[in-house]
2 protein chains.
Amino acid sequence: MNAAAPIAFYFDFSSPYAYIASEWIEALAARRGRTVRWHAMLLGASFQVTDIKSPVAYPLKREYVMHDFERSARFAGVPLKMPEPFPIATQNAARVFWSLNDVEGPVRAACWARHCLRAYFARGVNLSDALALKGLATEFGLDPTQAEGIWTNPEWKARLKAANDSAIACGVFGVPFFIIDGEAFWGNDRRAQIERLLESGPF
Amino acid sequence: MNAAAPIAFYFDFSSPYAYIASEWIEALAARRGRTVRWHAMLLGASFQVTDIKSPVAYPLKREYVMHDFERSARFAGVPLKMPEPFPIATQNAARVFWSLNDVEGPVRAACWARHCLRAYFARGVNLSDALALKGLATEFGLDPTQAEGIWTNPEWKARLKAANDSAIACGVFGVPFFIIDGEAFWGNDRRAQIERLLESGPF
């Protein structure tokens, strides 16, 4: 099998649909000999540039998606209990992600992402709370004080900003967002189309 | 088999995703002993109330969906060639729909809907052009002058407005929108979830 390009997977730590997708994308990719390159981002940064708003910003849509988040998770077989508060600021978890990515490699960063996404959406751990995030860092085998040192460090703040800018430049206006061999897919609900593309190429 | 409630299917004549769904919903329902009750509406009326905008109103999202419309159609095996102009005003086709619905019944109205949707999305017939719409009426076996008399008649204008108000009251903020046994589903991409619900009940 030829070495195929990795799947680019953009997510925000506060997106339920990105969380659901994060639970199936690795296995789906691996079945077709692909790897996944995870990209943590702040969706709010994209919203500011594009003038797009979160679905939960509109009362009627909010009511629908708050039900659909959990229903879509059940449909995918993924444990999800909508956390309180929701949505939350996720820049600290994202800065740790990029630090791990650049220092220890993308696989370690992806593990951190899964650890945090599951903590927030299955256990209700508030990622925007510094103490709770330090607790997750400890669980993950990081020194909690060093972890805090990462998310307060201008270098990693700048790294996350660059990652946001790069995502926007790639056309990312929502999450989960996938780019595979130049084809862009937006949404947890594009799973079947992604599967078809990996199986038999562009359609 | 007990007589199960019809599936409520909300669409706008100018929505590519609603067109795609219109091509699979009847067969999917029939396989489970269900009928479909079609509801023509003007999505713009819902957008005005909810402050939601069309995906094509945002440049980055527009670029994505213009590609995704045709790709999703190919994925579903539905012929779709994005028409010019797009989007268009569809109140005339929708008024004829409600007149047919109230006078000749919902099955005849659904046939008109499919006729117009296919004309616009597969053949590029501009439904907002009175002459073109009269041509479609003739193909459908209607007298074209009588058809025009319907869409200029205050009674059918009011009927469409009532249908829009009713859709908004039911929580419809986008199309296609389905309500099945009290469960709401938004989007052509909810097909698999709808199938699961019809097969084995709420999940």
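Naming convention: chains lettered A, B, ... in sequence-line order (proteins, then strands); numbering from 1 in each chain.
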Run through B/N188, B/D68, B/D189, B/D12 and flag the one making a side-chain hydrogen bond (donor to acceptor under 3.5 Å, both in side chains) with B/Y17.
B/D68

With a 4.5 angstrom heavy-atom cut-off, which part of B/R191 approaches chain A: side chain, backbone, both or neither?
neither

Between A/F177 and A/W186, is the ring centroid distance below 6.0 Å?
no

Are A/W24 and A/F75, when compared by the centres of their aromatic rings, separated by less than 6.0 Å?
no

Closest approach of B/N164 and B/L42, non-hydrogen atoms and distance?
OD1-N, 2.8 Å

For residues 55-67 of chain A against chain B, heavy atoms under 4.5 Å, the residues are A/Y58, A/L60, A/K61, A/Y64, A/H67

Select one option (side chain, backbone, both, neither) describing which atoms of A/D51 are under 4.5 Å from chain B's heavy atoms.
both

Quick one: OG on A/S128 to CZ on A/F13, what's the gap to the nearest 0.5 Å?
13.0 Å

Reported CZ-to-CD1 distance for the pair A/R196 and A/I194, which is rounded to 0.5 angstrom:
13.0 Å

With a 4.5 Å cut-off on heavy-atom pairs, point out which of B/S72, B/G187, B/G174 contacts chain A the most.
B/S72

Check A/R123 with A/E139, please: is the shortest side-chain N to carboxylate O separation under 4.0 Å?
yes

Do the side chains of A/E23 and A/R118 get close enough for a salt bridge, i.e. N-O under 4.0 angstrom?
yes

Using every non-hydrogen atom in the two residues, find where A/Y10 and A/V175 come nearest and quote the distance to one decimal.
O-CG1, 3.6 Å

Where on A/R71 is there a heavy atom nearer than 4.5 Å to chain B: the side chain, the backbone, both, or neither?
both

Checking heavy atoms, do the side chain of A/V49, its backbone, both or neither come under 4.5 Å from chain B?
neither

Select, from B/G171, B/S46, B/A184, the one with the greatest count of heavy-atom pairs under 4.5 Å involving chain A.
B/A184

